[in-house]
S.K.: 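This is the structure I want to talk about, given as structure tokens.
Just the heavy atoms: all of them, side chains too, but no hydrogens, waters or symmetry mates, feed the values below. If you're wondering where the values come from, they're calculated on a predicted model, not measured in any experiment.
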Amino acid sequence: MLTVNKLFPAGRGLAPVLLKRAAHVALDWDVRQKSRFEATDSTRRTLGVFLPRGTVVRGGDVLVAEDGSLLRVEAAPQPVMVIRHCPHHGSPFDLMRAAYHLGNRHVQIELRPDHLKIEPDHVLAEMLGRMHLIVTNEDAPFEPESGAYAGGHGHGHDHGHHDHDHGHGHGHGRGHPHAHERAHGHDHKAHAGTATAAATPHVHGPGCGHDHAHGHGHVHGPGCGHDHSHDHGHGHGTGHDHGHP
């Protein structure tokens with residue numbers, strides 16, 4: 001038995017000329033979603049595949065054997081239910097509805113622009129028929145979606161959205177002081193008392209001389225010297241006492 005313990009997703013990084021000469025191994029979905037299995041390649045060699053736990057093998061991936069030989073993975077045809085919308089009484093939107101209801105049942109689905117594929121299930125077939133969808137049993141390769149949070153490489157897209165700096169100029173990560181706080185040379189926590197006071201209604205006596213352009217909810221005494229020609233953001237019929245007779 002030849003041991004295999006390395007995988008190149010979609011053969012990335014390997015020379016095409018090497019892949020062209022490589023043997024291949026056809027595996028159905030039931031096998032490819034396992035990280036440890038046995039198989040036979042196109043040269044009739046017996047393979048013992050031992051990949052990191054949680055690895056999912058996709059059609060187009062390349063396995064590397066212990067002797068350095070390469071093995072192209074093919075998604076083997078298997079029984080599937082192919083779901084299409086009715087061209088006479090339905091629309092492509094019906095496939096979206098079907099995917100929604102199947103997803104609610106945690107069904108593995110292969111999504112295509114004009115059809116869906118799932119593994120055979122007569123109960124689901126009846127449900128889809130009631131939705132006026134056309135369901136046929138076929139033998140075809142099955143490549144279901146890996147899911148947004150899965151560790152697989154369903155479509156090989158790596159957007160790199162892993163807690164990185166998006167370059168917005170904030171210069172701060174999770175749990176770290178803000179860059180502008182450090183630049184000003186002071187701690188914003190020192191203003192906690194000021195912030196609390198600003199949020200607390202207060203009473204002013206005559207001649208307080210404060211500038212109340214911030215629109216605080218406070219009571220004014222006579223002769224406070226404030227200019228009330230501007231808008232405080234509230235009506236004067238809300239119970240504020242401005243000391244007018």
S.K.: Check whether any side-chain N or O of R72 sits under 3.5 Å from a backbone N or O of L19 as a donor-acceptor pair, and report yes or no.
M.R.: yes
S.K.: When you measure from the side chain of S42 to the backbone of H24, do you find a donor-acceptor pair of N or O atoms at a distance under 3.5 Å?
M.R.: yes
S.K.: Hey, could you give me the CG/CG distance between L116 and L95, rounded to the nearest 0.5 Å?
M.R.: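 Those atoms lie 5.0 Å apart.
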S.K.: Regarding D121 and R105, does a basic nitrogen lie under 4.0 Å from an acidic carboxylate oxygen?
M.R.: no
S.K.: Quick one: are Q78 and E119 in side-chain contact, heavy atoms under 4.5 Å?
M.R.: yes
S.K.: Answer yes if V73 and L14 sit in the same cluster of Ile, Leu, Val, Met, Phe, Trp and Tyr residues linked by side chain heavy atoms under 4.5 Å apart, and no otherwise.
M.R.: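 No: no chain of side-chain contacts under 4.5 Å links V73 to L14.
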S.K.: Do I134 and P87 have side chains that get closer than 4.5 Å, going by heavy atoms?
M.R.: yes
S.K.: Is there side-chain contact between Q33 and P144, with heavy atoms separated by less than 4.5 Å?
M.R.: no
S.K.: Determine the minimum heavy-atom distance between P120 and M81, stating which atoms define it.
M.R.: CA-CG, 3.7 Å
S.K.: Nearest 0.5 Å, what's the NE2-NE2 distance between H132 and H88?
M.R.: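 Between atom NE2 of H132 and atom NE2 of H88 there are 14.5 Å.
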S.K.: Less than 4.5 Å apart, side chain to side chain, heavy atoms only: is that true for D61 and R32?
M.R.: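 Of all side-chain heavy-atom pairs linking R32 with D61, none is under 4.5 Å.
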S.K.: Just wondering, do L102 and M127 contact through their side chains at under 4.5 Å, heavy atoms?
M.R.: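 Counting from C-beta outward, M127 and L102 do come under 4.5 Å.
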S.K.: Would a 4.5 Å heavy-atom cut-off, applied to side chains only, mark K6 and L63 as touching?
M.R.: no
S.K.: Would you compute the distance between atom CD1 of I118 and atom CG of L124 and round it to the nearest 0.5 angstrom?
M.R.: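 One gets 5.0 Å once the value is rounded to the nearest 0.5 Å.
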S.K.: Is it true that atom NE2 of H101 has more than 12 heavy atoms of other residues, nucleotides or ligands lying nearer than 6.0 Å?
M.R.: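 Count over threshold, so yes.
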S.K.: Tell me if a side-chain donor or acceptor on D94 pairs with a main-chain N or O of R97 at a distance below 3.5 Å.
M.R.: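 Flag not set: sc D94 to bb R97 has no pair under 3.5 Å.
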S.K.: Would V107 end up clustered with L111 when hydrophobic side chains under 4.5 Å apart are linked, directly or stepwise?
M.R.: yes
S.K.: Determine, step by step, whether T136 and R84 satisfy the side chain to side chain contact (heavy atoms under 4.5 Å, CB included) criterion, reporting the C-alpha distance in whole Å, the side-chain angles of both residues, the deciding distance to 0.1 Å, and the verdict.
M.R.: CA-CA 8 Å; T136 57; R84 298 179 175 89; 3.5 Å; yes
S.K.: Grouping I, L, V, M, F, W and Y whenever their side-chain heavy atoms are under 4.5 Å apart, do V62 and V17 come out in a common cluster?
M.R.: yes
S.K.: Mind checking whether F8 and V57 sit in one hydrophobic cluster, side chains of I, L, V, M, F, W, Y counted as touching below 4.5 Å?
M.R.: no
S.K.: Counting only heavy atoms from other residues, nucleotides and ligands, does the tally under 6.0 Å from CZ of R36 exceed 12?
M.R.: yes
S.K.: Is a donor from one side chain sitting under 3.5 angstrom from an acceptor on the other, for Q108 and W29?
M.R.: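 Indeed, the side chains of Q108 and W29 share at least one donor-acceptor pair under 3.5 Å.
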S.K.: Within the structure provided, determine whether V64 and L70 are in side-chain contact (heavy-atom separation under 4.5 Å).
M.R.: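 They are in contact (side-chain heavy atoms under 4.5 Å apart), so the answer is yes.
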S.K.: With rounding to the nearest 0.5 Å, note down the distance linking CG in L27 to CD in E74.
M.R.: 9.0 Å
S.K.: Mind running side chain to side chain contact (heavy atoms under 4.5 Å, CB included) on K117 and I109 for me, showing each step along the way?
M.R.: CA-CA 6 Å; K117 289 181 192 173; I109 315 170; over 6 Å; no
S.K.: Any side-chain heavy atom of P79 within less than 4.5 Å of one from D139?
M.R.: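 P79 vs D139: side chains touch.
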S.K.: Measure from the side-chain N and O atoms of E110 to the backbone N and O of E143, and report whether any donor-acceptor pair falls under 3.5 Å.
M.R.: yes
S.K.: Any chance you could measure L128, atom CG, to H85, atom NE2, to the nearest 0.5 Å?
M.R.: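 L128 atom CG to H85 atom NE2 measures 14.5 Å (nearest 0.5 Å).
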S.K.: Using the rule that two of Ile, Leu, Val, Met, Phe, Trp, Tyr join whenever any of their side-chain heavy atoms come within less than 4.5 Å, decide whether V56 and F50 are in one cluster.
M.R.: no
S.K.: Specify the closest pair of heavy atoms between A65 and L2, including all atoms of both residues, with the distance to one decimal.
M.R.: CB-CD2, 3.5 Å
S.K.: Rounded to the nearest 0.5 Å, what separation is found between the CE atom of M131 and the SG atom of C86?
M.R.: 13.0 Å
